[in-house]
Amino acid sequence: MKKHGVLALVLAGVMLLLCGCGGMTTDDAMDYVQSALDCGYKAEVKKYAEITETTEKEAKKEYETNLDTIMKEAGFDDTGVSDELKADYRSMFEKMLKSANYKVKEAKETEDDEFTVTVEVCPFTAFSTVSDELDQWVTDTYSNVETIPSDEELNEAIMRKMYEIMSAKLADPTYGDKMEKEVHVKVNKDGVYYIPNDDLTAVDDALFPQNQL
């Protein structure tokens with residue numbers, strides 16, 4: 001459950017498929033990718049709305065819907081934990097998204113008005129020891145108890161402790177070595193620009209690698 005809950009954040013890239021009309025320059029392509037990442041991770045929707053000719057309200061709704069999806073994929077509907085703890089986790093997932101460490105470096109025009117944008121990313125490593133720390137806490141706390149808690153009480157306590165551990169690490173997140181990923185800005189037959197899902201997934205996997213969660 002705990003690793004599935006964190007790994008569900010890789011779904012963040014799904015909402016970032018963007019489209020825009022008209023000719024582009026390399027600066028436009030960089031702005032386009034920057035707005036996609038900032039909207040999806042930082043909830044900074046103003047530039048996204050401007051480039052995609054949508055409203056900030058609609059862009060914010062996409063972001064909130066994405067967080068709802070993260071919670072659903074994490075399995076919180078089936079955990080039986082309190083609504084208060086669910087809300088705490090949702091807030092924490094949002095903070096984790098905002099901790100994404102990336103920088104749009106440059107763009108090069110390729111062919112047919114398409115572009116390759118280089119994005120520098122630093123992998124998030126703050127949660128790499130959460131599992132071990134939680135296991136140790138469970139052992140220390142429950143190995144010699146005289147009265148065994150109910151399943152509901154135990155689940156709530158463990159999920160609460162995991163939240164506390166993760167929140168503390170998010171206050172001062174750690175990152176791995178920088179790497180570069182390429183994001184392509186393509187144009188379809190209707191002249192509409194878009195970012196391929198595979199590129200967004202690759203950036204997301206680099207930002208939040210499974211072996212660090």
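This chain uses plain numbering: 1 for the first residue, then up along the sequence.
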Checklist line | Under 3.5 Å: donor-acceptor pair, side chain of Tyr89, backbone of Met159 | finding: yes
Check: Is there side-chain contact between Ile165 and Phe127, with heavy atoms separated by less than 4.5 Å?
Finding: no
Note to self: Restricting to non-hydrogen atoms, name the atom on Tyr32 and the atom on Ile51 that form the minimum distance, rounded to 0.1 Å.
What the structure shows: CD1-CG2, 3.4 Å
Checklist line | For Tyr102 against Val119, the heavy-atom pair lying closest together | finding: CB-CG1, 4.1 Å
Notebook entry, point to check: Can Ile158 be reached from Val145 by stepping across I, L, V, M, F, W or Y side chains whose heavy atoms are under 4.5 Å apart?
Noted result: yes
Next item on the list: Determine, for Glu64 against Arg90, whether the closest basic-nitrogen to carboxylate-oxygen distance falls under 4.0 angstrom.
Entry: yes
Next item on the list: Quick one: pull up OH in Tyr194 and CG in Leu200 and give me the separation to the nearest 0.5 Å.
Entry: 11.5 Å
Next item on the list: Look only at the side chain of Asp38 and the backbone of Lys42, and say whether a donor-acceptor pair between them is shorter than 3.5 Å.
Entry: no
Note to self: Testing the basics here: between Gly40 and Leu97, what is the closest heavy-atom pair and its distance to 0.1 Å?
What the structure shows: O-CD1, 4.2 Å
Margin query: Check Arg160 with Glu156, please: is the shortest side-chain N to carboxylate O separation under 4.0 Å?
Written below: no
Check: Looking only at heavy atoms, which two atoms of Val33 and Val183 are closest? And how far apart?
Finding: CG2-CG1, 3.9 Å
Note to self: Is the ring pair Tyr193/Phe115 parallel, tilted or perpendicular, if the boundaries are 30 and 60 degrees?
What the structure shows: tilted
Margin query: Pair Lys47, Gln34 - check side chain to side chain contact (heavy atoms under 4.5 Å, CB included), show working.
Written below: CA-CA 9 Å; Lys47 190 68 174 182; Gln34 185 77 53; over 6 Å; no
Next item on the list: Measure the NZ-CD distance between Lys103 and Glu180 for me, rounded to the nearest 0.5 Å.
Entry: 11.0 Å
Checklist line | From Cys122 atom SG to Tyr175 atom OH, the distance as rounded to the nearest 0.5 Å | finding: 8.5 Å
Margin query: Does Asp140 form a side chain to side chain contact (heavy atoms under 4.5 Å, CB included) with Gln136? I'd like the steps, not just the answer.
Written below: CA-CA 6 Å; Asp140 294 343; Gln136 186 61 53; 2.8 Å; yes
Checklist line | Any donor-acceptor N or O pair under 3.5 Å, side chains Asp28, Thr25 | finding: yes
Next item on the list: Measure up the Tyr41 and Phe208 rings against each other and bin them: parallel (under 30°), tilted (30 to 60°), perpendicular (over 60°).
Entry: tilted
Item checked: Donor-acceptor contact below 3.5 Å, side chain Thr125 vs main chain Thr174 -> yes
Next item on the list: Look up atom OG1 in Thr116 and atom NZ in Lys108, then write down how far apart they are to the nearest 0.5 Å.
Entry: 8.5 Å
Item checked: Heavy-atom closest contact (Asp177 atom, Pro123 atom, distance) -> O-CD, 3.1 Å
Next item on the list: Identify the two heavy atoms, one from Pro196 and one from Lys186, that lie closest to each other, and give their separation to 0.1 Å.
Entry: CG-CD, 3.9 Å
Notebook entry, point to check: In Å and rounded to the nearest 0.5 Å, what is the CG to OG distance from Asp88 to Ser82?
Noted result: 7.5 Å
Notebook entry, point to check: Are Leu37 and Val45 connected in the hydrophobic side-chain network, where two residues link if heavy atoms are under 4.5 Å apart?
Noted result: no
Check: How long is the gap from CD on Glu164 to CG on Leu134, to the nearest 0.5 Å?
Finding: 10.5 Å
Check: Glu94 and Lys98: salt bridge (charged side-chain N to carboxylate O under 4.0 Å, His left out), yes or no, with the steps?
Finding: CA-CA 6 Å; Glu94 183 173 7; Lys98 290 182 178 180; 3.5 Å; yes
Next item on the list: Tell me, yes or no, whether the heavy-atom count around Asn144 atom CG, taken from other residues, nucleotides or ligands under 6.0 Å, exceeds 12.
Entry: no
Notebook entry, point to check: Taking atom types as modelled and ignoring hydrogens, do the side chains of Thr129 and Glu133 form a donor-acceptor contact shorter than 3.5 angstrom?
Noted result: yes
Notebook entry, point to check: Would you call Lys61 and Glu58 a salt bridge, using N to O less than 4.0 angstrom?
Noted result: no
Note to self: Can a donor-acceptor pair be found, under 3.5 Å and without considering hydrogens, that links the side chain of Thr139 to the backbone of Asp135?
What the structure shows: yes
